[in-house]
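No hydrogens, no waters, no symmetry mates; every other heavy atom, side chains included, goes into these values. By convention in this document, chain letters (A, B, ...) are assigned in the order of the sequence lines, proteins followed by strands, and residues within each chain are numbered from 1.
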There are 2 protein chains.
Amino acid sequence: MAEKNHKIRIKDIAVLAGVSEGTVDRVLHNRGDVSDRSREAVTKVLEEMNYSPNLLARSLASKKNYNFVCLFPSFEPGEYWECVDKGFKQAALEFLHHNVHIEKKYFNQFDSQSFVCVSESVLKTEPDAVFIAPIFRNETISFINDLNNLTIPYSFIDSMIENTDFNTYYGQNSFQSGFIAAKLLLNSMPDGSQIVVIRTKRKGSVSNQTLTRRNGFYSYIQENHLDNKLNIISAEFNNNDESGNLEILKQIFKQNHSIRAVITFNSRVYSLAMHLEALQQTNVRLIGYDLLEENVKYLKQGIVNYIIGQRPDKQAYFTVRDMCRKLIFRQEINRINYMPMDVLMKENIEDYVQFNENI
Amino acid sequence: MAEKNHKIRIKDIAVLAGVSEGTVDRVLHNRGDVSDRSREAVTKVLEEMNYSPNLLARSLASKKNYNFVCLFPSFEPGEYWECVDKGFKQAALEFLHHNVHIEKKYFNQFDSQSFVCVSESVLKTEPDAVFIAPIFRNETISFINDLNNLTIPYSFIDSMIENTDFNTYYGQNSFQSGFIAAKLLLNSMPDGSQIVVIRTKRKGSVSNQTLTRRNGFYSYIQENHLDNKLNIISAEFNNNDESGNLEILKQIFKQNHSIRAVITFNSRVYSLAMHLEALQQTNVRLIGYDLLEENVKYLKQGIVNYIIGQRPDKQAYFTVRDMCRKLIFRQEINRINYMPMDVLMKENIEDYVQFNENI
DNA sequence: TCAAATATCGTGTGCGGACACGGAGTTTAA
DNA sequence: TTAAACTCCGTGTCCGCACACGATATTTGA
């Protein structure tokens, strides 16, 4: 291996191999019309010199344009998918000069038909790559079949569908994130404590992610034999009926007097926090997911004790970056990427948020 | 504001402003020889079109070379500074084609004279920027005075010296990281518990960081009025005398029988873990700093309960990146950057480490 | 009034790589 | 035997920008 520094150019390789720049280029892109003798000479020099192309010059010279499409749920300000959107936006900016153009397409996460509609319109634009949040399993499978037929590469974000030919997946290990939530919530909990687990009915089906988190949660309880030491109370919220939900909570607290912890597996722990505040039950331990502004607010106030984060903006950013690495830079990439599970508390939220904003 | 996409070139600006490319260039780099009328016309179009230069083309065209020097402690494999080194290496690779060359200079962190020596040799090479781990306060101040005289910009990493004209600082908020360690360690600790705090004598002075962490730790205790509920036992280790340290620990455990937690403020909690394992005292809560391989090993085994991480590789990487942003890309940067305090446990260490390796 | 100095500006070249084009040499077919 | 087809490969142009060079007004001084 040669020195790492000091840039070696195609021109240098050409001289050393005794051919012209064009021939080196042909070897590099193996696009034929090269004699075996020339090819071998060039290949040898390439290896000896440890050549790596100047990606800046490459993108500058390349006339090929890349159109990427992102397919994920629409959102209101402050909701989870806004963070994902932000990550895509950042990537768009960074890779613009590499001739990458990013288009975002939103669908209604409670209406599978809207996904079908949007995905069909995406096909017509013949993109160079697609990034999908596979909320709707069957519809997504049908969509990626079409993509496969057109040999359009795709990546999953947030969750994934096994046994498909995706480029990358970035998302949380949901099971483990439920497991760890249990540990944080139930750590040193006195015997006989009552724990409230909130599920939320969605207009559509229950999301796969919250289901898996819940499994991880109960798995921790079993592994640590907490089943009969703790008393788990399950309750069900309705998605958009906050006053009804408040009433449900109120009843639970009226009927039970050893409640020490509450948990929910979706990203809307702020609504729980709000209700607990209204009921003056801020002494129970409360844990939730994702760093929505409202969640952070209650974390700082101490009403929410822990939030588990998953860097959704990075998920989006890296998804784009990796597709560039594959298609443009021809680099190796990792297919399955579980995000770190960030444990946030009142004491470390400040630096975390600040850092994320400046990166 | 105009459309974001679709690249606007200097040539486009020139046409729209009715001048030549050269004039636009002169305005962009405000290097004079432009009439007020032309300047105004160009400036107006620049704003209207929301022009942003193609950084790829700029670096490609620029003949200026940037030599950056990193000045930080030498290390053995597995030690803390190896992570920093890794971050610098990554940055070197990424910015190589932007004409940036990075040289690393190591000094002995226990010998201020070695810092003076190395820093003097750095001055002679007339670098374009310097990154410093200011372990030795006075010597560093003297060094940055010289840098100021030569108008060489510099950044701090790991810790910083106030009231100096550094470009950026990346590092942990040490006080807060001690505070949060206390919270994790002392959470739900029964009254009367004994807590062992280990300090380590260094051949040189005590490091400023571990001192500040300890202050944060005690500050948590005071704020939560744990002073008389808990019994803090202070012990002192010697830096390189492991068998002596084991003996010290042994005596402590012989004389005290309610020890429930142990903490150290440097990055070598693995040595504590090792001793506790030898003494069969693995049921005490144990907490430490930084994700050295050995620390991670004991965390996975459950002997260490928490590690607080600070992403040292990112610190180095961002330090370089920000200097590039300032000198080459002329972008705005943030001066003081506290790293997130990552809370790692057995349950989330795996994904965290994996993710960091693939980024 | 005319040369010299100055202010202003356009043009050309190069950075490293992609790719189109076409030239030179060789093989095939008629 | 000669044109056509094919193989192999060098050259030229362009990508967007930086910067040197020198050209063209315009002003100044004597």
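- If you check every strand for non-hydrogen atoms under 4.0 Å, B:N54 touches sugar and phosphate atoms only.
- The nearest whole Å value for the distance from the CG atom in B:N30 to the P atom in D:dC19 is 12 Å.
- When heavy atoms are screened at a 4.0 angstrom cut-off, B:H97 is found touching no nucleic acid atom at all.
- The pair B:R26-B:D33 fails the salt-bridge criterion, with no side-chain N (NZ, NE, NH1 or NH2) lying under 4.0 Å from an Asp/Glu carboxylate O.
- Note: NZ (A:K11) to P (C:dA18) measures 15 Å, nearest angstrom.
- Once rounded to the nearest 0.5 Å, the distance linking OH of A:Y170 with CG of A:N337 reads 4.0 Å.
- Regarding contacts with the backbone of D:dC9, every side-chain N or O of A:T23 stays at 4.0 angstrom or more from both OP1 and OP2.
- For the pair B:E21 and B:D33, nearest-nucleotide mapping onto DNA chain C gives the more 5' position to B:D33.
- The side chain of A:Y51 lies closest to C:dG17 when the candidates are C:dG17, D:dC9, D:dA18.
- Atom P of nucleotide C:dT8 and atom CZ of B:R37 are separated by 12 Å, given to the nearest angstrom.
- Between A:S35 and D:dT7, a side-chain N or O to OP1/OP2 separation shorter than 4.0 Å is absent.
- B:F156 and B:F166 have tilted rings, their planes meeting at an angle from 30° to 60° on a 0 to 90° scale.
- Results of the ring pair (Phe, Tyr, Trp, His ring centres under 6.0 Å) test with B:Y106 over B:F88, B:F72, B:F115 single out B:F72 as the only residue that passes.
- Ranking D:dC15, C:dG10, D:dA18 by closeness to the B:H29 side chain, first place goes to D:dA18.
- Along DNA chain C, the nucleotide closest to B:L60 and the one closest to B:G18 are compared, and the more 5′ of them pairs with B:G18.
- Residue B:S20 has its side chain nearest to C:dG10 when only C:dG10, C:dA18, D:dC9 are considered.
- Atom CG of B:L56 is separated from atom C1' of C:dG17 by 13 Å (rounded to the nearest Å).
- Among the protein residues, B:S59 comes within range of no part of the nucleic acid, since none of its heavy atoms lies under 4.0 Å from any strand.
- A sub-4.0 Å separation between OP1 or OP2 of D:dC8 and a side-chain N or O of A:S38 is absent.
- Rounded to whole Å, the distance from CG on A:D25 to P on D:dT13 is 17 Å.
- Considering only side-chain atoms of A:A61, the nucleotide from D:dG16, D:dC15, D:dA18 that sits closest is D:dC15.
- Residue B:H98 contributes atom NE2, which lies 18 Å from atom P of C:dC15 at whole-angstrom precision.
- Among the nucleotides D:dC21, D:dC8, C:dA18, the one closest to the side chain of B:R26 is D:dC21.
- Closest to the side chain of B:P53, out of C:dG10, D:dC9, D:dC17, is D:dC17.
- Remark: side-chain polar atoms of B:T43 are paired, donor with acceptor, to backbone N or O of B:R39 under 3.5 angstrom.
- Of all the heavy atoms in B:I359 and B:F355, the pair that sits closest is CG1-O, 3.0 Å.
- Closest contact between the side chain of B:A57 and the listed nucleotides C:dG10, D:dA18, D:dG16 involves D:dG16.
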